[in-house]
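Keep in mind that this is a model prediction, so the values were computed, not measured.
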Amino acid sequence: MKQLYMFLLCMAYCVCTAGEPVMKKVSLTGRVTDGTDGSPLVGVTIFIPSLSEGTTTNQDGYYHLEDLPEKTLTLQVSYIGHQTQIREIDLHQVRTMNFVMKESNASLNEVVVTALTGQSLMKDSPTPVSVVTTRQLETTSSSNIIDAIAHQPGISQITTGSGISKPVIRGLGYNRIVTIHDGIRQEGQQWGDEHGIEIDAQSINNVEILKGPASLMYGSDAMAGVVIFHGDPVPAKGSLKASASTEYQTNNGLFDYSLDFAGNQGGIVWNMRWSQKWAGEYHNPYDGDVPGSQFREQGLHGMVGINRSWGYSHLIFSRYHLRPDMIEGERDATTGDLVVGDQIPFQQVHHDKIVWDNSFNLGDGIIKALVGYQQNHRQEYEDSPTVPGLDFKLHTINYDFHYALQQENGWKVSSGIGGMYQKSDNLGTEYLIPAYVLFDVGGFATVGKKWGNWNLSGGIRYDHRHLHSFALWNENDQEKGYRFEPFSRSFSALTGSIGAVYDITPDMHFRVNVARGFRAPNLSELACNGVHEGTVEYLIGNKSLHPEHSWQVDVGWDYSSALLSAQLALYTNYIDHYIFSSRLGTVVTEGYPTYQFTQGNARLTGGEASLDIHPVEALHFQNSFSYVYARQLHQPSEGKYLPMTPAPRWNSELQYDFIRDGKVLNNLYVRLGLECNFRQNHYYRVDHTETATPSYTLLNLSAGTDLLVHGRKVCSLYLIGDNLTNKAYQSHLSRLKYLDTNPVTGRQGVFNMGRNVCVKLVVPIL
């Protein structure tokens with residue numbers, strides 16, 4: 001650790017002394033007007049993704065960006081209710097650039113994404129990338145950040161009540177998905193079923209979701225895809241920004257608020273945010289109030305740094321605390337009602353993080369250097385409200401260094417190295433996994449080239465991971481011996497991908513990609529041995545597990561016009577040595593079914609389809625369908641299907657925009673939505689591990705508007721109603737559906753949340 005501090009200090013000195021004269025400073029100005037009547041547009045966002053900064057237009061529609069590097073930059077111009085524009089600006093020659101914004105229609109909005117190896121246009125990606133914008137996050141009712149993105153095509157969530165969710169991409173979850181926050185992998189003992197993502201939802205500006213093992217920057221665990229959470233962009237130079245937001249939900253009494261203050265004075269930048277959230281017990285028509293579903297959350301997130309023409313250097317820090325109760329599902333034998341517990345069990349989760357994020361302009365390329373430290377402290381209280389049973393403390397050091405050449409005769413090239421060091425300690429009185437250390441390193445190189453109507457890309461990566469598990473000796477006279485025996489394992493893999501996008505016409509594209517994925521087994525899968533109260537299971541590891549390897553083929557097609565847009569993405573994914581837990585016939589501890597990790601070969605096929613129809617100017621009719629067929633090869637019928645496979649889902653939304661450019665009310669809309677989850681008959685039946693899930697349909701309705709005073713937005717107000725018919729249902733990926741059976745009704749498990757109405761208010765103070 002001392003050597004790391006010395007390295008960071010030396011790097012900071014080099015940045016401050018040598019960075020300033022690297023590149024000439026220039027500025028860019030212009031005006032943004034409405035394409036209908038030519039009037040100036042106020043509050044249009046002009047954003048430079050590679051610099052992570054931008055500005056907005058003033059009362060007369062003008063914008064000004066200064067201290068820019070004299071090179072070619074990509075500008076992303078966006079305004080609510082209008083089509084996003086992407087422009088490549090050569091600042092060697094251009095100092096003024098005006099924009100005319102057209103009202104949104106069914107045409108697909110183009111955006112710049114970073115989920116691939118560096119910055120690129122989403123239309124040039126050979127595999128599907130979903131982007132969840134700020135406005136979409138604001139207009140969605142959710143209890144956590146994964147809940148907010150789980151309605152995207154191909155995306156689902158494994159839930160444990162309303163406070164804990166884990167992402168699932170195309171039927172794969174847990175350690176098969178890499179989550180990026182503040183530029184580094186979020187590491188928080190994510191092997192656990194009831195271990196969520198420790199991120200304050202209010203600190204997220206937008207989200208990128210890459211589906212499939214096509215990202216070469218993240219190595220092991222990115223087999224299913226990558227979820228990247230982006231924070232707020234840096235404000236324009238010379239500006240101060242402050243905002244407040246609050247939310248209330250009727251079903252569980254959820255209340256939250258968030259305060260944010262950011263600025264950019266002479267290139268010295270900062271952003272500070274404080275958030276808190278409280279939620280009580282949720283209820284539904286079958287269970288009434290659900291004891292143990294309440295939770296509390298608070299988060300502090302900040303950034304300080306410097307932005308110059310040579311690039312930027314930001315120090316990012318956060319502290320997150322989640323205190324969720326745990327739903328046990330015990331019922332009264334006479335009435336069948338859920339039994340109210342005596343304050344236990346519950347969890348205490350603290351996640352602290354500090355990241356040093358640096359970006360340096362070097363010719364036509366960019367050097368990125370990130371170093372981060374995070375500590376995840378997870379405690380579970382089962383028998384006592386003051387003494388934790390399970391107590392994990394995980395230390396992680398992340399590092400990432402890479403160079404991306406933006407354009408050189410039409411070529412895009414990037415290469416780099418990254419990985420992490422981990423140390424996990426057991427501090428509790430009970431044990432589920434042993435203490436361990438892990439070292440992970442990987443290097444990659446990618447290349448892309450545009451030839452006529454073809455856009456080709458590909459790359460290769462090598463990863464090596466070493467894991468050492470420490471011994472634990474049982475002192476109990478009746479159980480003397482090793483609870484955990486020491487062992488070491490190393491895993492290596494060579495992976496890669498190659499893909500192409502063909503522009504059939506300017507509005508129609510065909511894409512194909514072939515990728516090789518890799519995932520090393522985590523410590524829980526290798527060596528767990530104990531009762532996990534959160535999942536009500538006794539878990540046994542398997543030290544002989546092999547790493548997972550996959551071959552995935554993606555094929556896609558999309559068409560976009562003013563009247564309609566359509567997208568189709570199909571895939572097939574072959575996974576060798578797929579790891580899953582299987583229920584055993586024997587019981588180690590009474591009252592807890594016993595599961596052990598095992599392996600098989602799996603194949604997942606499926607896809608997503610979407611259609612957006614824009615028959616008249618103010619009306620949108622959006623539809624999407626997701627399907628995955630996941631099975632194990634060469635298995636009997638009861639073990640044929642993979643566990644925790646999401647059901648087919650159809651989402652449909654009809655939105656009418658009453659006012660788009662009003663003087664008092666602006667962007668006033670009403671949206672009617674249907675979420676249809678089909679019956680899931682494909683489930684893992686061995687020893688009754690899973691059961692079928694019937695179909696259900698949820699009716700949703702929402703409305704929202706911006707309130708303007710003298711042309712300035714003073715607030716945004718949203719009213720969101722979910723499950724308005726108060727439907728009693730169980731998601732197939734809800735872990736609560738396998739809790740105790742109601743002796744009166746015969747229904748097994750706990751049902752999901754019933755009718756919920758949410759009110760959101762967002763107020764820009766500065």
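A heavy-atom distance below 4.5 Å is found between the side chains of N205 and P233. Taking the side chain as every heavy atom from C-beta outward, C715 and L761 approach each other to under 4.5 Å. Contact check for W278 versus Q298: no side-chain heavy atoms found under the 4.5 Å cut-off. A 4.5 Å side-chain heavy-atom check between K423 and K393 finds every atom pair outside the cut-off. Annotation: side chain of D34 is not in contact with side chain of Y79 (no heavy-atom distance under 4.5 Å). At least one side-chain heavy atom of L707 sits under 4.5 Å from a side-chain heavy atom of L665. E247 places a side-chain heavy atom less than 4.5 Å from the side chain of C758.
At a cut-off of 3.5 Å, with distance as the only test, a side-chain donor of D657 or Q655 sits close to an acceptor on the other residue. For the residue pair K353 and Q186, a side-chain donor N or O sits within less than 3.5 Å of a side-chain acceptor on the partner. No hydrogens or angles considered: a donor-acceptor pair under 3.5 Å links the side chains of Q85 and R87. In summary, the side chains of T84 and S78 do not present any donor paired with an acceptor at a separation below 3.5 Å, with no hydrogens or angles considered.
Note: T179 OG1 to I209 CD1 = 10.0 Å, rounded to the nearest 0.5 Å. Taking NZ of K237 as the reference point, atom CG of N307 lies at 5.5 Å (rounded to 0.5 Å). The distance from atom CD1 of I164 to atom CD of Q157, rounded to the nearest 0.5 Å, is 12.0 Å. A distance of 14.0 Å separates OH of Y669 from CD1 of I659, quoted to the nearest 0.5 Å. Distance check: L394 CG to Q189 CD gives 4.5 Å after rounding to the nearest 0.5 Å. The structure places CH2 of W310 at 7.5 Å from CG of N358, a figure rounded to the nearest 0.5 Å.
Looking at every heavy atom in both residues, K166 comes nearest to Q190 through NZ-O, 2.7 Å. Contact detail for K713 and L708: the closest heavy-atom pair is CA-CD2, 3.5 Å. The two residues N144 and S165 come nearest to each other via the heavy atoms ND2-OG, 3.1 Å. Here the closest non-hydrogen pair linking V207 and I149 is CG2-CG2, 4.1 Å. Contact record, N667 with R660: OD1-O, 3.4 Å, taken as the closest heavy-atom pair. Across all non-hydrogen atoms, the minimal contact from Q202 to S275 is CB-OG, 3.5 Å.
Note on ring orientation: taking the six-membered ring where Trp is involved, the planes of Y312 and H314 are parallel (angle under 30°, cut-offs 30° and 60°).
Salt bridge present: R95 and E70 bring a charged side-chain N and a carboxylate O closer than 4.0 Å. Salt bridge annotation for R273-D232: present, with a cationic side-chain nitrogen under 4.0 angstrom from a carboxylate oxygen. D706 and R135 are joined by a salt bridge, as a carboxylate oxygen and a charged side-chain nitrogen come within less than 4.0 angstrom of each other. Ion pairing between E198 and R378 holds under the 4.0 Å rule for side-chain N and carboxylate O.
One N or O on the side chain of N98 and one on the backbone of R31 form a donor-acceptor pair closer than 3.5 Å. Between the K277 side chain and the S143 main chain, a donor and an acceptor come within less than 3.5 Å of each other. A donor-acceptor distance shorter than 3.5 angstrom exists from the side chain of T57 to the backbone of V44, with no hydrogens or angles considered. In this structure, the side chain of Q374 engages the main chain of R185 through a donor-acceptor pair within 3.5 Å. The backbone N or O of P235 lies less than 3.5 Å from a partner atom in the side chain of N264, making a donor-acceptor pair. Side chain of N361 to main chain of S309: a donor-acceptor pair is present (N/O by atom type, distance under 3.5 Å, no hydrogens or angles). With hydrogens and angles ignored, the 3.5 Å screen pairs no side-chain donor or acceptor of E187 with any backbone N or O of H395.
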Output, in order, the C-alpha distance, side-chain angles, deciding distance and verdict of side-chain contact (heavy atoms from CB on, under 4.5 Å) for F255 and T246.
CA-CA 7 Å; F255 173 78; T246 187; 3.2 Å; yes
Go through the steps to decide whether T133 and N206 satisfy the test side-chain hydrogen bond (donor to acceptor under 3.5 Å, both in side chains), and finish with yes or no.
CA-CA 5 Å; T133 65; N206 61 85; over 6 Å; no
Test side-chain contact (heavy atoms from CB on, under 4.5 Å) on N271 and D260 and set out the steps.
CA-CA 7 Å; N271 193 337; D260 182 61; 2.5 Å; yes
Begin with the C-alpha distance, continue with both residues' side-chain angles, and end with the deciding distance and a verdict on side-chain contact (heavy atoms from CB on, under 4.5 Å) for Q265 and W270.
CA-CA 9 Å; Q265 299 297 309; W270 70 90; 3.6 Å; yes
Test M420 against I184 for side-chain contact (heavy atoms from CB on, under 4.5 Å), laying out the working first.
CA-CA 10 Å; M420 62 181 177; I184 64 173; over 6 Å; no
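Heavy-atom contacts from other residues, nucleotides or ligands closer than 6.0 Å to CZ of R323 number more than 12. More than 12 heavy atoms of other residues, nucleotides or ligands lie within 6.0 Å of NE2 in H92, so this atom counts as buried by the packing criterion. Counting non-hydrogen atoms of neighbouring residues, nucleotides and ligands closer than 6.0 angstrom, the NZ atom of K450 exceeds 12 such neighbours.
Here the options are T396, N398, D440, the test is side-chain contact (heavy atoms from CB on, under 4.5 Å), and the partner is Q422; only T396 passes. Of the options H350, H301, E297, a side chain to side chain donor-acceptor pair (under 3.5 Å) to Y320 is made by E297 and by none of the others.
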